[in-house]
2 protein chains.
Amino acid sequence: MKVLRVPEATVSRLSIYSRFLERLEKNGVTTVSSNEIAKGVGVSPAQVRKDLAYFGEFGTRGVGYSVKDLIHYILKILGLTHTWPVVLVGAGNLGTALCAYRGFRDRGFNIVAVFDNDLLKIGKRIQELEVLPVERLPEVVAEHGVRIGIITVPQSSTQEAADLLVKSGVDALLTFGPAVVHVPEHVVVRNVDLSIKLEILTFNLAFREEFHPSHFFEPKG
Amino acid sequence: MKVLRVPEATVSRLSIYSRFLERLEKNGVTTVSSNEIAKGVGVSPAQVRKDLAYFGEFGTRGVGYSVKDLIHYILKILGLTHTWPVVLVGAGNLGTALCAYRGFRDRGFNIVAVFDNDLLKIGKRIQELEVLPVERLPEVVAEHGVRIGIITVPQSSTQEAADLLVKSGVDALLTFGPAVVHVPEHVVVRNVDLSIKLEILTFNLAFREEFHPSHFFEPKG
DNA sequence: TCGCATTAGTGATAGTTTTCTCATAATCAT
DNA sequence: ATGATTATGAGAAAACTATCACTAATGCGA
């Protein structure tokens with residue numbers, strides 16, 4: 001049997017589907033069609049079916065999907081059938097904001113500790129957590145079996161934080177900002193870069209107006 | 001002449017290239033090859049050249065690119081030759097963190113005002129800004145010629161905030177969280193969903209271990 | 001000045017992701 | 001039961017994106 005690579009876009013959409021479905025379930029909806037999911041989250045119905053088809057057959061022809069079951073299947077696919085302990089490195093503004101972010105807890109992510117190497121921040125309280133010195137990272141990671149680390153330190157320290165997390169046994173990292181981090185093969189890294197997102201906006205604004213395609217793409221010769 | 005659509009991934013990479021190049025420039029580097037850029041940001045050299053080729057010819061064969069010139073060209077493409085006034089709606093944890101985020105200012109984004117509809121937050125100071133009631137949004141947008149809005153309100157209020165921003169004349173929105181917003185054709189919207197990013201990590205962790213493909217893809221019948 | 005090493009630019013190719021189309025299966029009304 | 005209707009699942013096609021491989025400049029050293 002051929003093992004299909006699952007596109008990352010599919011994984012992202014599954015996350016979106018599951019949250020849409022949870023809203024439906026809360027409203028008492030028990031059955032849903034790919035068409036309704038598609039409408040609800042802004043993709044095509046075929047896309048919804050294809051995304052699910054990577055993992056099995058979850059629907060009933062002529063009927064649709066059981067909301068409850070589909071939520072369960074997707075959460076299982078995403079590895080969200082249990083909660084995940086998470087550590088956060090970097091107790092600055094962003095780190096503090098993320099600690100307070102309800103969305104994480106709602107999805108089963110449990111921030112168990114926050115670390116920093118700045119003496120001014122160590123000992124400070126964020127939510128119910130005391131900011132710990134990074135030296136204690138290995139110990140906490142081992143104690144809680146933490147596999148996921150969120151890095152919200154300045155760009156220049158990102159690699160250092162990543163190294164420390166990996167050495168402590170963490171094998172999945174979420175980084176912020178433009179830094180490129182190098183990690184061993186077995187470690188998964190994803191990045192959020194807010195400036196990129198804003199620059200996609202300005203590109204679209206600028207492109208539409210200043211560089212009308214018929215000028216901009218004029219071949220040289 | 002055929003008008004090429006520029007992949008969004010290309011725009012994202014241009015943003016990354018430009019920041020890498022700015023680091024080089026700071027270190028006194030004057031010339032760079034596609035190979036060196038590729039190494040520096042973790043893509044292929046051909047990718048770098050292709051990305052640039054969407055917009056023109058910026059290099060010299062046998063030599064490479066002038067760091068200074070290439071920075072200038074990319075910033076122009078991204079619409080970053082002038083600063084952009086930005087408004088932020090939602091003075092919660094995330095909004096507060098974004099106000100303090102240096103990365104925005106470094107790239108020419110200037111948060112000119114923060115709004116909220118929560119009386120407990122209105123009047124509060126964030127950085128040098130006083131949180132204003134959303135009623136004043138149209139006025140501020142008009143005054144500063146704001147075209148970009150960042151929405152950091154709870155999911156249930158996202159559409160409302162978007163509507164208000166659009167009605168005030170903003171035509172580019174950055175939203176956070178899972179909400180799907182509906183806007184007129186001419187408005188650009190991009191979204192940052194941090195839960196998705198974490199769930200891509202858990203998918204990878206779970207997938208590798210719990211669902212080995214040879215089990216997971218077993219056909220139903 | 002000539003030839004060699006280097007590197008951008010580009011058309012062709014390969015690979016990936018999305019969309020399309022239709023056969024299949026289930027429900028419902030008669 | 002049976003036919004009409006609905007909606008999934010899946011293979012094919014289309015669209016899109018990335019890589020490859022080659023050509024064309026350019027600089028440098030002999």
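A, B, ... follow the sequence lines: proteins, then strands. Residue 1 opens every chain. Only heavy atoms go into these numbers, but all of them, side chains included; no hydrogens, no water, no symmetry mates.
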Aromatic centroids of Tyr17(B) and Phe20(B) separated by under 6.0 Å = no
In whole angstrom, give the distance that lies between atom CZ of Arg49(B) and atom P of dA24(D).
-> 16 Å
Between dG9(D) atom P and Tyr54(A) atom OH, what is the distance in whole Å?
-> 15 Å
Could you give the CZ-to-C1' distance, from Phe58(A) to dA25(C), as a whole number of Å?
-> 18 Å
Can we say Arg190(B) and Glu199(A) salt-bridge, meaning some charged N sits less than 4.0 Å from an Asp/Glu carboxylate O?
-> no
Once you round to the nearest 0.5 Å, how far does CZ of Arg5(B) lie from OG1 of Thr10(B)?
-> 9.0 Å
Establish whether the base of dT24(C) is bridged to the side chain of Arg61(A) by a donor-acceptor pair shorter than 3.5 Å.
-> yes
Please determine, for the side chain of Gln47(B), which listed nucleotide (dA18(D), dG11(D), dG9(C)) has the closest atom?
-> dA18(D)
Whole Å only: how far is the CD1 atom of Ile37(B) from the C1' atom of dT7(C)?
-> 12 Å
Between dT19(C), dT7(C), dT8(D), which one does the side chain of Ser33(B) approach most closely?
-> dT7(C)
In terms of the nearest nucleotide of DNA chain C, which residue is placed more toward the 5' end: Pro7(A) or Val32(B)?
-> Val32(B)
Would you mind checking if Glu25(B) and Lys68(B) are paired as a salt bridge, meaning a charged N to carboxylate O distance below 4.0 Å?
-> no
Would you mind reading off the distance between Glu8(B) atom CD and dT17(C) atom P, rounded to a whole angstrom?
-> 16 Å
So does Ser44(B) get a side-chain nitrogen or oxygen closer than 4.0 Å to the phosphate oxygens (OP1/OP2) of dT19(D)?
-> yes
Nearest-nucleotide pick for Ala46(A), side chain only, options being dC20(C), dT17(D), dA8(C) = dC20(C)
Is the shortest side-chain N to carboxylate O distance from Glu57(B) to Arg49(B) below 4.0 Å?
-> no
Distance in angstrom units between Asp51(B) CG and dA18(D) C1', rounded = 10 Å
Closest to the 5' end of DNA chain D, once Val63(A) and Lys50(A) are matched to their nearest nucleotides, is Val63(A)
Calculate the interatomic distance between Asn35(A) atom CG and dG9(D) atom C1'; express it in whole Å.
-> 15 Å
Between CZ of Arg5(B) and C1' of dC16(D) the distance, given in whole Å, is 8 Å
Between dT8(D), dC16(D), dT10(C), which nucleotide has the shortest distance from any of its atoms to the side chain of Glu57(B)?
-> dT10(C)
Would you indicate, yes or no, if dA8(C) has its OP1 or OP2 atom less than 4.0 angstrom from a side-chain nitrogen or oxygen of Ser34(B)?
-> yes
